[in-house]
Amino acid sequence: MNIDEIKEIIAILENTGITEFEWEESGVKVRIKKGKEAWALSTGTHESHIVRPAAEELNPAPEGARPEEIKRSPHQKMIKAPIVGTFYRAPSPDSEPYVEVGSVVKKGQIVCVIEAMKLMNEIESDVDGRIVEILGENAHPVEYGGPLFSVEPV
Amino acid sequence: MTVKKGLHTDQIIKSLRTRYIGKELLYFKSIGSTNLEASEAGHKGSPEGTLVIADKQTHGKGRLGRSWISPPFANLYFSILLRPRISPLTAGWINLLASVSLVKSIQSSTGLVADIKWPNDIMVNEKKLGGILTELYLKGDQIDYLVLGIGINVNMSRFPALISERATSLKKELKHDLHREALCISILEKIEEDLELFYQKGPGTVLSEWEKHSNTLGKSVIVRQPGQTLSGKAIGLDSNGGLMVETEDGAKVTVMAGDVIHLQTIGET
């Protein structure tokens, strides 16, 4: 089973009442568990986890996390990608970016666009705050749940 | 000489055999952008299937702030408000689905065979006949609504010099005027039919139909994205509808967005 097939299963499960799915093939076991807070996905002995962005609060960095994550304040919130696509900081190549580091944003304010197959998704901030970090790179792909902005609530 | 007259929306309302698309119809002789109006309707809670249709757009929207040339009384410009109960992750398929519905309904109502350039440009002989711009609006991590914006060059006979080599219309191809209302009805009915199938069966049918009607697969392509250009052969779609391109060094890259240019090879028509 490849990552695309796993993504497809996650997408299918999302529209169903199924909360847990397990699949074993050629010694690789995939378990997808749907819960209120997060989906955990583990493959075999790798112990890898993909956590859905349902819990928007950035928790204190766990042991072994990357150094840049450790530096972030526990109060900061993350705006994450709700779809897979290309991240754009401005509505058009000639326009100013929606936000810069230091910009004060209100809940519901558009902060970027993600495009997938000409489906344009304007991403709104879900918090009143100040942009402290821009984590997505303009015109580059972002993964589902990938971090776009770190916001310090005000 | 073509008589410039407005759309007869009463004909559309009377003849349309859909369950929800177009049951609520907002007609404008002239409007900024049908997508913008449909988006506002969605925000205000208008029902699924609400159709915003106009005879002229003053600020027709294209991808990434580009404009869609929208002269009066000649073409079709409309946006459909949808509230699909699917994951935002699979919403991109609606875009590909709409292109398939358009090609099929254009063929059944006019006889003209059009094809699709990834992801959803409607083309005839490598000239653009129609375009689709979809905008997705989320509430939390669920879809609140989606606006499917469609523009088709129907009876347009003169094109601005900038696009005359790259655009066409049904009239230009078929050498006669077309009944815009009939074409609109055919498209709306086909989109609803294809959407229902997609909601029930998933993206499998969309994928196979798209592959059947696409003119991108198998071609050498250049993909232009801001700040980078990629070239290779278009080999298929991935599970999200992204275009898989095999580059000259054998790497397989999936493209989710960008301008695709088809390269003509020697002997190809």
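Chain letters run A, B, ... following the sequence lines, proteins first, then strands; residues in each count from 1.
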| field | More than 12 heavy atoms of other groups within 6.0 Å of B/K128 NZ | value | yes
| So, B/N120 versus A/K118: side-chain donor-acceptor pair below 3.5 Å or not? | yes
| query | Out of curiosity, A/Y144 OH to B/N240 CG, how far, rounded to the nearest 0.5 Å? | reply | 12.0 Å
| field | Pick from A/N138, A/I123, A/L119 with the largest number of heavy-atom pairs that fall under 4.5 Å of chain B | value | A/L119
| request: Measure across A/P82 and B/P88 and return the closest heavy-atom pair with its distance rounded to 0.1 Å. | output: O-CB, 4.1 Å
| Under 4.5 Å from any heavy atom of chain A - which part of B/W118 | side chain
| Which of A/I83, A/N121, A/I114 touches chain B most, by non-hydrogen pairs under 4.5 Å | A/N121
| Residues of residues 91-110 of chain A with any heavy atom under 4.5 Å of a heavy atom in chain B | A/P91, A/S92, A/P93
| said: Please identify, among B/G258, B/G242, B/G92, B/A257, the residue contributing the most non-hydrogen atom pairs under 4.5 Å to chain A. | reply: B/A257
| query | What pairs with B/D249 under side chain to side chain donor-acceptor pair (under 3.5 Å), at least two apart in sequence or on another chain? | reply | B/T247
| said: With heavy-atom distances below 4.5 Å as the criterion, would you say the side chains of B/M256 and A/E115 are in contact? | reply: no
| note | Expected contact set for residues 130-140 of chain B against chain A at heavy-atom separation under 4.5 Å reads B/I132, B/L133, B/T134, B/E135, B/L136, B/Y137, B/L138
| Rounded distance [0.5 Å steps], CD in A/E122 versus OG in B/S39 | 7.5 Å
| field | Stepwise side-chain contact (heavy atoms from CB on, under 4.5 Å) test for B/Q228 and A/H140 | value | CA-CA 10 Å; B/Q228 57 193 339; A/H140 279 69; 4.2 Å; yes
| message | Does anything in residues 201-213 of chain B reach chain A? List residues with heavy atoms under 4.5 Å apart, or say none. | response | none
| query | How far apart are the closest heavy atoms of B/N95 and A/A116, and which atoms are they? | reply | ND2-O, 4.3 Å
